Amino acid sequence: MPVDDSAKGKSFPPFEYEVGKEKIAEYARAVGEDNPVYFERDKAKEAGFRDIPAPPMFAVVYSAGAMGPAITDPEVGINLMAMVHGGQEFSWGEPVCAGDTITTTAEVADISEQDGKGFYVFESVSKNQDGDEVVRGTWTNIVRGV
Amino acid sequence: MKQGDEIPELAVTPDKYLPHRYAGASGDFNPIHIDNEFAQQVGLPRNILHGLYSMAQVARANAAAAGGDPRSLRRLKVQFRGMGVPESEIKVTGRVREESDGTVIVDTEATQEMNKIIRNAEAELQPS
């Protein structure tokens with residue numbers, strides 16, 4: 001039976017995330033970032049940031065609230081028990097800093113089948129409070145035995 | 001950074017509790033990452049690293065290669081394949097594929113022993 005691709009193009013409600021200094025520090029420590037710009041406001045400002053910047057991969061933190069509902073949406077129909085995260089791409093724009101409010105929207109970019117596996121590709125776009133794009137993500141989830 | 005240059009290798013060994021700290025930091029509490037017993041019940045060798053943690057190591061290595069400014073990392077694309085595990089050293093390596101007008105493309109990957117946990121990755125850098 002071919003994979004159900006009827007949710008292709010579906011988009012999901014925007015998710016707002018307020019970026020906090022301590023959450024950046026927690027994330028930075030967990031992934032082993034030791035650049036002082038992630039921990040000290042003075043160092044961040046000296047380096048030309050508006051405030052303490054988030055490491056690039058912090059994108060997963062502020063995007064999660066938009067991606068969760070997309071991946072678990074019943075119309076998309078992913079069998080979560082058989083899903084693996086197959087690939088990921090991020091393109092970064094304006095840096096994200098403490099105090100920013102980031103709004104992320106997600107949509108189903110593609111659903112296809114290859115060798116009995118379903119490929120579910122989502123795209124997300126995140127913008128800051130000034131409307132500047134901060135990151136664009138492509139999330140590929142692979143589901144065995146569709 | 002010019003064509004053929006290797007980026008400095010990044011080596012990091014995630015400790016036993018790293019997946020728990022990353023779960024808290026990222027909000028991804030999937031039990032395959034934090035519950036060894038559950039992971040084995042679903043056929044995994046043990047609890048496994050979050051792929052996005054391993055991707056963050058690739059991001060770190062490439063930003064460092066471009067001078068350490070996080071704004072230097074413009075784009076990163078990865079494929080997750082073999083599963084990463086705690087308590088084993090991750091090595092991130094890479095080689096400059098092309099360089100033009102200040103933009104550098106690096107072919108990069110992350111391995112644990114002989115196991116490629118991130119492969120076919122591509123980083124786009126604008127070194128400061």
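Since this is a predicted model, take the numbers as computed values, not measurements. Proteins come first, then strands; the chains are lettered A, B, ... in the order of their sequence lines, and each starts at number 1.
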Requested in this report: For the pair V84(A) and F80(B), evaluate side-chain contact (heavy atoms from CB on, under 4.5 Å) and give the outcome as yes or no after the intermediate values.
Outcome: CA-CA 9 Å; V84(A) 294; F80(B) 302 111; over 6 Å; no
By a 4.5 Å heavy-atom criterion (distance strictly below it), what part of [X] contacts chain A: side chain, backbone, both, or neither?
{"X": "D69(B)", "result": "side chain"}
{"X": "A59(B)", "result": "side chain"}
{"X": "V12(B)", "result": "neither"}
{"X": "L18(B)", "result": "side chain"}
{"X": "R74(B)", "result": "both"}
{"X": "Q79(B)", "result": "both"}

Is it the case that one hydrophobic cluster holds both [X] and [Y], taking links as side-chain heavy atoms less than 4.5 Å apart, direct or via other members?
{"X": "I118(B)", "Y": "M83(B)", "result": "no"}
{"X": "F58(A)", "Y": "L49(B)", "result": "yes"}
{"X": "Y17(A)", "Y": "M67(A)", "result": "yes"}
{"X": "V143(A)", "Y": "V121(A)", "result": "no"}
{"X": "V85(B)", "Y": "L10(B)", "result": "no"}

Just wondering, more than 12 heavy atoms not from [X] lying within 6.0 Å of its [atom1]?
{"X": "E6(B)", "atom1": "CD", "value": "yes"}
{"X": "Y17(B)", "atom1": "OH", "value": "no"}
{"X": "K23(A)", "atom1": "NZ", "value": "yes"}
{"X": "K8(A)", "atom1": "NZ", "value": "yes"}

Greatest number of non-hydrogen atom pairs under 4.5 angstrom with chain A, of E122(B), E124(B), K77(B), falls to K77(B)
Cut-off 4.5 Å, heavy atoms of chain B, and the answer for P95(A) is side chain
Honestly, the part of A47(A) sitting under 4.5 Å from a heavy atom of chain B is both
E89(A)/R75(B) ion pair, N-O < 4.0 Å: yes
On a heavy-atom basis, the closest approach of V60(A) and Y22(B) is CG2-OH, 3.7 Å
Nearest heavy-atom contact between A25(B) and V61(A) is O-CG2, 3.7 Å
Tell me which of these, [options], has more heavy-atom pairs under 4.5 Å with chain B than the rest.
{"options": "F49(A), Y38(A), Y27(A)", "answer": "F49(A)"}
{"options": "G32(A), P56(A), A28(A)", "answer": "G32(A)"}
{"options": "A64(A), A30(A), G86(A)", "answer": "G86(A)"}

Value for CE (M57(A)) from CZ (R60(B)), rounded to nearest 0.5 Å, stands at 12.0 Å
Interatomic distance, NE2@H85(A) vs CG@L52(B), rounded to 0.5 Å, equals 5.0 Å
Chi angles and distances behind the side-chain contact (heavy atoms from CB on, under 4.5 Å) call for W92(A), L76(B): CA-CA 9 Å; W92(A) 287 277; L76(B) 180 61; 3.8 Å; yes
